[in-house]
Amino acid sequence: MKKRFSIATYVVLGLALIGIASKALQLLIPIFVFGVIFLLYKYPPNRWRKPSFSTKSGSKTKEKRTRNASFRVIDGNKGSSEEPPKYH
């Protein structure tokens with residue numbers, strides 16, 4: 001069985017809509033300001049600019065330089081595995 005709202009609920013919602021509609025001009029400016037702020041947050045102005053590439057060779061893509069890492073072994077002070085543990 002569907003649960004329906006009471007008549008009082010419909011009356012309150014209707015009055016709320018009338019109140020919002022009567023103040024629509026006063027609410028229009030804050031809604032517009034918050035909308036602009038949200039759009040600037042979602043799409044910041046630095047994304048609007050086209051990227052400028054200035055390279056010596058004239059190519060538009062930068063080549064990434066990779067360097068081979070040099071690994072070195074650090075001698076540890078752990079005893080050999082054949083000896084019993086020091087603290088038992």
Side-chain angles (χ1 to χ4, degrees):
M1 182 180 219
K2 284 187 172 183
K3 184 177 179 182
R4 295 189 178 188
F5 296 112
S6 66
I7 295 174
T9 305
Y10 289 118
V11 170
V12 170
L13 288 176
L15 290 174
L17 287 175
I18 291 171
I20 290 173
S22 66
K23 300 203 180 225
L25 291 177
Q26 292 177 353
L27 292 176
L28 195 62
I29 294 172
I31 289 173
F32 178 74
V33 169
F34 285 122
V36 168
I37 291 172
F38 177 76
L39 286 175
L40 287 174
Y41 176 75
K42 190 74 174 168
Y43 306 104
N46 62 359
R47 289 188 183 181
W48 294 343
R49 286 186 237 142
K50 292 182 180 178
S52 61
F53 296 102
S54 60
T55 58
K56 294 178 183 177
S57 62
S59 66
K60 291 190 176 186
T61 59
K62 286 187 176 180
E63 294 180 17
K64 291 185 178 181
R65 294 183 184 178
T66 58
R67 193 180 106 199
N68 293 335
S70 59
F71 293 105
R72 56 191 171 123
V73 177
I74 300 173
D75 294 330
N77 295 329
K78 200 174 189 180
S80 67
S81 61
E82 296 175 3
E83 296 178 9
K86 294 178 182 178
Y87 304 103
H88 193 272

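Numbering starts at 1 and runs along the sequence shown. Just so it is clear, the values below take in all heavy atoms, side chains as well, and ignore hydrogens, waters and symmetry mates.
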Between side-chain atoms of residues 28-41 and protein atoms elsewhere (two or more places apart, or another chain), which donor-acceptor pairs fall under 3.5 Å?
none

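Taking Ile, Leu, Val, Met, Phe, Trp and Tyr as members and joining any whose side-chain heavy atoms lie under 4.5 Å apart, directly or through other members, Leu17 forms no hydrophobic cluster with any other residue. Leu15 belongs to a hydrophobic cluster whose other members, connected by ILVMFWY side-chain contacts under 4.5 Å either directly or through intermediates, are Ile7, Val11. Chaining together hydrophobic side chains whose heavy atoms lie under 4.5 Å apart places Tyr10 alongside Phe5.
Listed by chain and number, the residues in a side chain to side chain donor-acceptor pair (under 3.5 Å) with Thr9 are Ser6 (sequence neighbours excluded). Ser22 meets the side chain to side chain donor-acceptor pair (under 3.5 Å) test with no other residue; sequence neighbours excluded.
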